[in-house]
Amino acid sequence: MTEDTLLEQLNEGQRAAVEYCDGASLVIAGAGSGKTRVLTYKIAYLLKKGMLPWNILALTFTNKAAREMKERIGKLVGVDDARRLNMGTFHSVFSRILRAEAENISYTGNFTIYDQSDSRSMIKAIIKEMGLDEKTYKASAVADRISMLKNKLLLPAAYAANALEVAADRNRKIPAFKDIYMRYVGRCRQANVMDFDDLLVNTYILFDTNEDVRKKYVDRFLYVLVDEYQDTNYAQQAIVAQLTRDRRHICVVGDDAQSIYGFRGANIDNILNFTSLYDGAKLFKLEQNYRSTQMIVEAANSLIKKNSRQIPKTVFSENAQGERLVFKQAYSDKEEAIIVCNDIRRIKTLTQCDYKNFAILYRTNAQSRSFEESMRKMNIPYRIYGGLSFYQRKEIKDIVAYFRVVVNPDDEEAVRRIINYPARGIGDATIKRIRDKANEAGVSMWRVICEPEVYPAGLSAGTLKKLAGFHALICGWMERVTTDDAYHLGHDIIQASGIAKEVYGGHEPEDRSRQENIDEFLSGMQDFVDSRTEEGMMEYISLGDFLQEIALLTDLDSDDDDTDDKVSLMTIHSAKGLEFSNVFIVGLEENIFPSPACCDNPRELEEERRLLYVAVTRAEKRCIMTCAKSRFRYGHMEFSSPSRFIRDFAPGLIRVESGGYSADEQSSAPQYHRRTESAPNKVQRQIQPVSTPVSPRLKPIAAVATVAAKPFGQVGEGSVIEHQRFGVGRVIKIEGTGENTKATVEFKNAGTKQLLLKFARYNIIG
């Protein structure tokens, strides 16, 4: 294939970006515009022009991206040349350089590379050696803090001299962090070890302190290309500058509108300031979107134009005009999940497409629960992309294990899981002795714990005292199994067991994710209790009833069905780089999306808007956005307003649909008497959205809000009601009298439900 033949396969913008090789260039690649194609063809073009493959350095963020590019290049110029390219992730390429040059920075070439678990293990050991409180100085949080500092090239000495950084750690109540950091770095060097961040830090130090070595690699890498440049951090950008400041033969490709990893250290300023860093750099814009319909592209453009810090561009599509974006407001998170599942079924029937053509995108992992439960009930196959199903997450399994022990203390697996979690000084050796004695006597571990004098396991007095404390804790809850409902007892177990203190004590992204999962779990429990009470299914909703409900859900998590035809559920961060015919973006409410932590910071708020832009541009044909007027959060009902970002879309590009009956549907319904709503009801329906973030702590039961039910004598067959969770429905049958009155209601989205009216939460609207 000749150079001309190669270039003929590109559009005008792509061709211009590929042909320019005389200096620094920034290629702004709009969503779906062929970014990988440009990188691939540019490398092939350089090879066709006579550059040797080993003189080209191409840096990517994932091994998958590197492999795909090499395969494409191999098809264009031959497998041998593609194999000889210096192409890979930042870490893999720099680790090879460091092995060859290790002696220049006082390492040996056989240094070990620590992964995340290795690093955390060493940090945990250092914290223990220093006699620090392991709950205050959590190894994971300390490791993340060290990583962030290294990505800023702030090693211990520079950190100690930085008053702002040191003050920030004092405010976090971890003043000894400085000493931990110093010990950790010293211990790694002593052991001839580098962690992942050191692969960047030490490469920078190598080039910064050894000019001859830097020159050697400048002469070797005659042309440097960087993929996803908007995701580079300070250290990565600094190393690229070291390699390219002499010749300026560099091409970086990315999209500032898709910069969404600031929380990981990615610095959008790298791409925004590129043309300032490389004076005279050429800017190329790839603006034709090949993925999405015109409507989707125009809507995404109207959204992202609200950001002030960006490189202006106008992405366009020559695909079909397509449908407008749809925004649907459900009455509750339960109805929201039902609406999405109904739409998936409807679109699948209409278009005859597969389930794998659908994706549900959410802001946080905790939001998956309601969708997982609805999809299971409606037999829609799904997979959690890049994560665990809700009931398989560690913190949820820990809580469920406590519940199982309270309901059935002879459950050995559950006892073993929680007997020393959170840590109460009952070690593995003790657990083994208890288990061995139980096996010997043919009884459960719980029986050995209950009657240590009958089943002596050779334990010390101190250990027996700790076991007695555990026994008393469980027995206290067991006494309440027949008196307290599942939510109240479950809430107290999470609080008194120490799980709440363990999980809610951290402030890192990983900690916040675990907190959100527990909040969502509690909300699910409250919803379960309220729903069963309203529907009159049980007089008493126990912890055992709840365990029975989720048993099927956790069993389905282990389903070994390996078919690929499943709906994808994922966070928007996980969706970057993917595309689907039909995309649902859910939970578009204030205090969820944008995240409340970002609302007072203009820079972070713009990243939240970019995150929504990424979500919208995953869609090829249809993009449906949803929110809920109310949802259980932190164990109680919260009322919310739609996300501020909905107002950023141009009005003509988005169709708003309500969750109620349309005018035509109401006119065809049985005749009913419209009643005038009383003042209290009007107040209830106009509850203002929560305007401030809720404190990330478990709320006491007393804080749980309730909504008064309406006098059930006023409801008749044909009445249209507005239910707090199920939305709008029409009463089709009334049976029973007095407090036993039940109504069968056909809801717009949630299907037919039978409600015990004395507990039901609704308003009569017609």
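Just so it is clear, the model here is predicted, and its values are computed rather than measured.
- In this structure, the side chain of Asn289 does not engage the main chain of Ser33 through any donor-acceptor pair within 3.5 Å.
- Taking the six-membered ring for Trp and the full ring otherwise, the centers of Tyr114 and Phe196 sit at least 6.0 Å from each other.
- For the atom pair NE2 of His91 and CG of Leu98, the computed distance is 11.0 Å after rounding to the nearest 0.5 Å.
- Side-chain polar atoms of Ser317 and Tyr290 form no donor-acceptor pair below 3.5 angstrom.
- Of the N and O atoms on the side chains of Thr89 and Ser92, at least one donor lies less than 3.5 Å from an acceptor on the other residue.
- Checked by atom type and distance alone, the side chain of Asn233 pairs as donor or acceptor with a backbone atom of Ala235 at under 3.5 Å.
- Between the side chains of Gln14 and Tyr41, no donor-acceptor pair of N or O atoms lies under 3.5 Å.
- Centroid-to-centroid, the aromatic rings of Phe358 and Phe580 stay 6.0 Å apart or farther.
- For the residue pair Glu165 / Asn162, no side-chain donor-acceptor distance below 3.5 Å is found, with atom types taken as modelled.
- Both cation-pi conditions hold for Arg99 and Phe111: the charged atom is under 6.0 angstrom from the six-membered ring centre and inside a 45 degree cone around its axis.
- For the side chain to side chain contact (heavy atoms under 4.5 Å, CB included) with Leu26, the qualifying choice from Leu277, Ile250, Val252 is Val252, the only one to do so.
- A salt bridge links Lys216 and Glu101; the closest N-O separation between the charged side-chain nitrogens and carboxylate oxygens is under 4.0 Å.
- If you look at His573 and Tyr362, their ring centroids are not closer than 6.0 Å.
- Under a 3.5 Å cut-off, the side chain of Glu287 and the backbone N or O of Thr314 do form a donor-acceptor pair.
- Proximity of a side-chain donor or acceptor of Arg324 to a complementary backbone N or O of Arg655 within less than 3.5 Å is not detected.
- Checked options Asp195, Asp144, Asp115; the residue passing with Arg120 is Asp144 (criterion: salt bridge (Lys or Arg N to Asp or Glu O under 4.0 Å)).
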